[in-house]
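Notes follow the structure.
In listed order, ligands and their atoms are each counted from 1.
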Amino acid sequence: MASAATPGSLSFIPTSSRARSQRLASSGLRLPLRRLGFSSVAANPLLSVHVAAKIRSFNGKGVISMAKKSVGDLTAADLKGKKVFVRADLNVPLDENQNITDDTRIRAAVPTIKHLIQNGAKVILSSHLGRPKGVTPKFSLNPLVPRLSELLGIQVVKADDCIGLEVEKQVASLPDGGVLLLENVRFYKEEEKNDPEFAKKLASLADLFVNDAFGTAHRAHASTEGVTKFLKPSVAGFLLQKELDYLVGAVSTPKRPFAAIVGGSKVSSKIGVIESLLEKCDILLLGGGMIFTFYKAQGLSVGSSLVEEDKLSLATSLLEKAKAKGVSLLLPTDVVIADKFAPDANSKVVAASEIPDGWMGLDIGPDSVKSFNEALETTKTVIWNGPMGVFEFDKFAIGTEAVAKKLAELSGKGVTTIIGGGDSVAAVEKVGVADVMSHISTGGGASLELLEGKELPGVLGLDEATPVPV
Ligand SMILES: Nc1ncnc2c1ncn2[C@@H]1O[C@H](COP(=O)(O)OP(=O)(O)O)[C@@H](O)[C@H]1O
Ligand SMILES: O=C(OP(=O)(O)O)[C@H](O)COP(=O)(O)O
């Protein structure tokens, strides 16, 4: 079994999916529902162990081990009558009337819960919702109960707390195959502090632990990492494993040519991902707000486009690194510029070298879309993280939508297409091509940290899988 690398520190706080969805809702976007496929892992849980066990080196910085024991390894003999503490990421967006506007994360948690209840376990389900400071009714998990019950085909019981006497009583009366949803675990500040006493109280409710909260696996919190110290076995759920298989597996041993598309607004938040991907990919396409820092570093005028002045030398060194490694790094050759940051701004397409003063680049231009498409044509694996422009405004969504459509087309031809969470997921949902992608991550921040080559605290604490011959 490979030894573990030192986990890195958290480098940034990602936009929460709640904030993102609220932003999208206010910009008028409607996200269609999407089905995640679980066939490979659910049908053969050992497959993921097998894949993960083969991983030896990810980003050149160290060796990582993500081979963890799976919930699929647990049978009725292990589970019947057992109390299982399941940490899921049910942090779904709710509208002002507390209606769920995207239930992807709830659906993604279902295969693990179903496996447990079908094998006679008593499921104690835990999640956070949003970032509450103390007990905050609008962050209660109550609105999740009807949808969860519907998807599981049983009536889920809801607790008003996540620890304490009343919860213990509810656990005691839970039948085999029953599900008790605990209240938002972040109502206690001890959760995010990873307080050992709090973790112990959560753990005392159960006999064993399943972590299926991929979206929160980059947080060392009491219910993700803390409880692993008190519950054995502590195993990975199907969703967690599927995410690791794709995000680590495909990037570690990609079918080549392997292209990465990185967009978004800040160089500083994507630097770790770009550096890590430069070690692995053959083609790197950059878009979004970060490109203007690269242009400026090359001496071009960027008008009032987004620039991180303190990252100019970093941008130069990344360009040099790409050259030294023989990675084909493409920056857009033309951009869509606007006279203000607004959906109704005046806009025009100009060469990247001709951005006038007072104008800002808000999307990649048509020539760039064409050359990006050509570059992607021969690829066998593509990973995408971050939009090509301010896709929240229709006028500046064309580059991002073009990438989404191209990846859908490639997916149809057998290319592995992986969408690394966050805004790119919202973009493929908007275009309606989410279903055809090979993998769409349920974790924005978590997927970025994995792509940076970091290990996730929520995974590290889980039991190692029994090695299988590879
Ligand atoms: N040219 C641009 N100028 C300003 N913001 C942009 C531009 N292109 C994309 N963005 C914004 O980047 C945001 C997405 O960034 P994201 O992928 O979450 O990562 P990060 O902000 O951490 O780089 C979107 O809200 C999008 O509007
Ligand atoms: O929505 C989440 O992360 P994401 O927005 O990075 O996908 C997770 O539920 C983690 O939430 P947090 O960033 O408040 O710890």
Side-chain angles (χ1 to χ4, degrees), residues 10-24 27 29 87-93 102 104-105 108-109 127-132 139 184-186 191-192 213-221 223-224 243 261-274 286-295 302-308 311 332 335-338 341 343 345 347 352 355 359-365 384-393 396-397 399-400 419-427 440-450 456-458:
L10 302 184
S11 61
F12 70 105
I13 305 297
T15 320
S16 78
S17 55
R18 167 179 287 264
R20 184 181 308 120
S21 292
Q22 279 165 351
R23 206 171 64 218
L24 285 171
S27 71
L29 301 186
R87 176 55 157 101
D89 187 333
L90 306 178
N91 184 22
V92 291
D102 179 3
T104 300
R105 281 179 165 166
S127 178
H128 73 283
L129 182 77
R131 293 175 174 173
F139 290 120
N184 193 338
V185 78
R186 286 193 186 170
E191 160 68 358
E192 292 176 67
F214 176 74
T216 324
H218 57 317
R219 310 283 185 220
H221 291 173
S223 67
T224 61
E243 296 268 14
I261 310 168
V262 182
S265 55
K266 297 184 228 88
V267 178
S268 46
S269 66
K270 297 287 166 86
I271 184 66
V273 180
I274 295 174
L286 295 183
M290 70 167 79
I291 57 176
F292 304 99
T293 303
F294 287 87
Y295 292 152
V302 295
S304 48
S305 305
L306 192 71
V307 167
E308 287 182 71
K311 295 289 178 293
V335 287
V336 184
I337 55 171
F341 189 86
S347 65
I355 303 174
W359 289 71
M360 63 186 80
L362 295 187
D363 196 7
I364 63 173
W384 180 23
N385 188 294
M388 296 293 99
V390 182
F391 77 108
E392 296 92 335
F393 302 158
F396 308 104
T400 303
I419 317 300
D423 284 301
S424 345
V425 175
I440 296 214
S441 180
T442 55
S447 66
L448 274 183
E449 296 212 7
L450 256 194
L456 307 179

Which of the ligand 1 atoms, numbered from 1, are nearer than 4.0 Å to a heavy atom of [X]:
| X | answer |
| --- | --- |
| L362 | 1 (N), 3 (N) |
| G361 | 1 (N), 2 (C), 3 (N) |
| S269 | 20 (P), 22 (O), 23 (O) |
| G386 | 17 (O) |

Examine [X] against ligand 2 and note whether any of their N/O atoms are separated by less than 3.5 Å.
| X | value |
| --- | --- |
| D89 | yes |
| N91 | yes |
| R219 | yes |
| G445 | yes |

Shortest non-hydrogen contact from [X] to [Y]?
| X | Y | result |
| --- | --- | --- |
| Y295 | P332 | OH-O, 2.5 Å |
| S441 | S447 | OG-CB, 3.6 Å |
| V262 | M290 | CG1-CE, 3.8 Å |
| F214 | L456 | CE1-CD1, 3.8 Å |

> Does R186 have a heavy atom less than 4.0 Å from any atom of ligand 2?
Replying inline: yes

>> V425 vs T104, test: side-chain contact (heavy atoms from CB on, under 4.5 Å). Steps then yes/no.
In response: CA-CA 11 Å; V425 175; T104 300; over 6 Å; no

>> Given M388, which partner from the list I291, V336, T400 fulfils the side chain to side chain contact (heavy atoms under 4.5 Å, CB included) test?
In response: T400

Applying a 4.0 Å heavy-atom criterion (strictly less than), which segment of [X] is in contact with ligand 1: side chain, backbone, both, or neither?
| X | answer |
| --- | --- |
| F292 | side chain |
| K270 | side chain |
| E392 | side chain |
| D423 | side chain |

> Do any nitrogen or oxygen atoms of P387 lie less than 3.5 angstrom from nitrogen or oxygen atoms of ligand 1?
Replying inline: no

> Does any N/O atom on K266 come nearer than 3.5 Å to any N/O atom on ligand 1?
Replying inline: yes

>> Out of all atoms in ligand 2, which are within 4.0 Å of some heavy atom of G444? Include the element for each.
In response: 4 (P), 6 (O), 7 (O)

> Which atoms of ligand 2 sit under 4.0 Å from any heavy atom of R131?
Replying inline: 12 (P), 13 (O), 14 (O)

> Where the closest heavy atom to atom 13 (C) of ligand 1 is concerned, which of S265, G289, G420, A338 has it?
Replying inline: S265

Test your reading of the model: is there a side-chain donor-acceptor pair from [X] to the backbone of [Y], 3.5 Å cut-off?
| X | Y | answer |
| --- | --- | --- |
| T224 | G458 | no |
| R219 | E192 | no |
| D423 | P387 | no |

>> The criterion is side-chain hydrogen bond (donor to acceptor under 3.5 Å, both in side chains); which residues satisfy it with T216, sequence neighbours excluded?
In response: D89

>> The criterion is side-chain contact (heavy atoms from CB on, under 4.5 Å); which residues satisfy it with S223, sequence neighbours excluded?
In response: F85, R87, S126, V185, E191, L202

>> Heavy-atom pairs closer than 4.0 Å: do any link ligand 2 to the side chain of E192, the backbone, both, or neither?
In response: neither

>> When you compare the side chain of S347 with that of L362, does any pair of heavy atoms fall below 4.5 Å?
In response: no

